[in-house]
Amino acid sequence: MDPQSLTIAATRAAVQERRTTATALAEDFYQRIEKQDALIGAYLTLSKERALAKAAEIDALAAKGRELPPLGGVPVAIKDVMVTRGVRTTAGSKILGNYVPPYDCTAVARMESAGAVVLGKLNCDEFAMGSSNENSAWRPVRNPRDLSRVPGGSSGGSAAAVAANMAVATLGSDTGGSIRQPASFCGVVGLMPTYGRVSRYGLIAFASSLDRIGPLAKTVKDAALVLRTIAGRDPMDSSSVDVPVPDYVSELGKPVRGLKLGVPKEYFGEGLDDEVRKAVETAIQKLATLGCEIVPISLPHTKYAIPTYYIVATAEASSNLARFDGVRYGYRAGDARTLSEMYRRTRGQGFGAEVKRRIMLGAYALSAGYYDAYYLKAQKVRTLLAQDFAEAFKKVDAIVTPTSPTAAFKLGEKVDDPLAMYLADIFTVTADLVGIPGISVPCGETKERLPIGLQILGKHFDEATILQVGNAFEQN
Ligand code: GLN
């Protein structure tokens, strides 16, 4: 079977109809991983035992002629910031280098209950902090489309694994763009659901008012299928919301004619690469020919999004990462004589440079005397950003923009310039701050054949509309 043709539905059907088995598929994927991943670096840990046990269970169902669950036999993989019982989970950090969690992340458990075969854990920036995957403590990930380039981050492994057919679909997390930007760089679909739509129980926290889990996949329909699987209230996460989960898949085909799509002028200004601009403008024209009404809009506070994000995210990170102290789990530095020396050495040796930079920035923004000037101010600007969107969504059903100002950049190109790296998040961080859903769908290539992504942003809890628009675009 040609792995590129394996969507979720095609994979499940092949197992259901006994044209292959879930076991054979898993072995086939592991072989491809063995062959390709030394170069790409998408996987950190393989969970063969667990995968083959699940595959055998699915094969037994198929052999009895039973109807398989929606992801029955589908090989998937999980960003290494979601805990997996009995399977090493590092968050891309040395401080969790040998951490084997005693429980499963809800999103992972729901994927498995729906029949998915979890092949392993995927590389990412340390604690999901980064835009290029070069902050992984273990190794960078390379973009399967061009090995000299980054796959994006922080869910770089999740995007690369799908792009290189080393998983049919994957889970990633998005705090400031980490699902959508790597999806865009690797030429796959990446969906960030509304804040509260998917349980974060078992997600290793980066910035709790921003963090979300969502799918990366080859098609919009696959993303819809995974979202349907993982969405919905979970009593283990009080921030997951009890609103009905629509059947995203059956709503996909609804016509987009008459939908109003906003095009914010602030997303097409200075700094946007010409080829990206052209591809996105062409995509918007395409949507117009499908009957969407294109409406120019303004999101006037956009220029404050990056500073606001990098204060809120680092402040929350400095608090969340306080738990990594060498006492209860993870790495502990040896040869310390006092408790505080043990803390200092553990954290000094366990965290990488970018994580330390953020802990310091965040602790500074929260400290007495600076809190009002930084953290409190950022929270106020966050409200203004939310008002921008509330105003816009009175006039339009969804908003279309580029996902990233450029296509994938070279490995090493921005590592020594953290500010340049932060600025690359300009089009993604706002949706995180505001809590709305967003999807990145491939919309063309540069002359160098690097993928370009179209971002579609929707109203709170209206993933259905952005999936519909994404699907209509993809099918045409
Ligand atoms: N690139 C952003 C950052 O470094 C976003 C990361 C993310 O979404 N996890 O914080």
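- Between D372 and K377 there is no salt bridge, since no side-chain nitrogen of the basic residue lies less than 4.0 Å from a carboxylate oxygen of the acidic one.
- For the salt bridge (Lys or Arg N to Asp or Glu O under 4.0 Å) test, no residue two or more places apart in sequence or in another chain qualifies with E126.
- Each ring pair (Phe, Tyr, Trp, His ring centres under 6.0 Å) pair with one or both residues in residues 174-233, not counting sequence neighbours, appears once here: Y103-Y201, F185-F409.
- The pair E281-K278 does not count as a salt bridge, with every side-chain nitrogen at least 4.0 angstrom from each carboxylate oxygen.
- Checked by atom type, the side-chain pair S250/D247 shows a donor-acceptor distance below 3.5 Å.
- Classification of K303 and E266 as a salt-bridged pair fails, no side-chain N sitting under 4.0 Å from a carboxylate O.
- No hydrogens or angles considered: nothing links the side chains of Q455 and S440 as a donor-acceptor pair under 3.5 Å.
- You'll find the side chain of D234 stays beyond 4.5 Å of the side chain of V198, heavy atoms only.
- Note on D174 versus R212: no salt bridge recorded, every NZ/NE/NH1/NH2 to OD/OE distance being 4.0 Å or above.
- Under the 3.5 Å distance criterion, with hydrogens and angles disregarded, no donor-acceptor pair is assigned to the side chains of D104 and T84.
- Remark: the S154 side chain and the S178 side chain contain an N/O donor-acceptor pair separated by less than 3.5 Å.
- With respect to the salt-bridge test (charged N to carboxylate O, under 4.0 angstrom), the residues E474 and K221 do not qualify.
- Qualifying salt bridge (Lys or Arg N to Asp or Glu O under 4.0 Å) partners for D462, counting only residues two or more places apart in sequence or in other chains: none.
- A donor-acceptor contact closer than 3.5 angstrom is absent between the side chains of K79 and N123.
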- [ ] Apply the test salt bridge (Lys or Arg N to Asp or Glu O under 4.0 Å) to residues R142 and D37: give CA-CA distance (whole Å), side-chain angles for both, the deciding distance (0.1 Å), then the verdict.
- [x] CA-CA 9 Å; R142 288 172 185 276; D37 207 40; over 6 Å; no
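- Taking the charged nitrogens against the carboxylate oxygens, K121 and D80 do have a contact shorter than 4.0 Å, which makes a salt bridge.
- Under the ring-ring contact (aromatic ring centres under 6.0 Å, His included) test applied with F427, the options Y309, Y267, F268 reduce to a single match, Y267.
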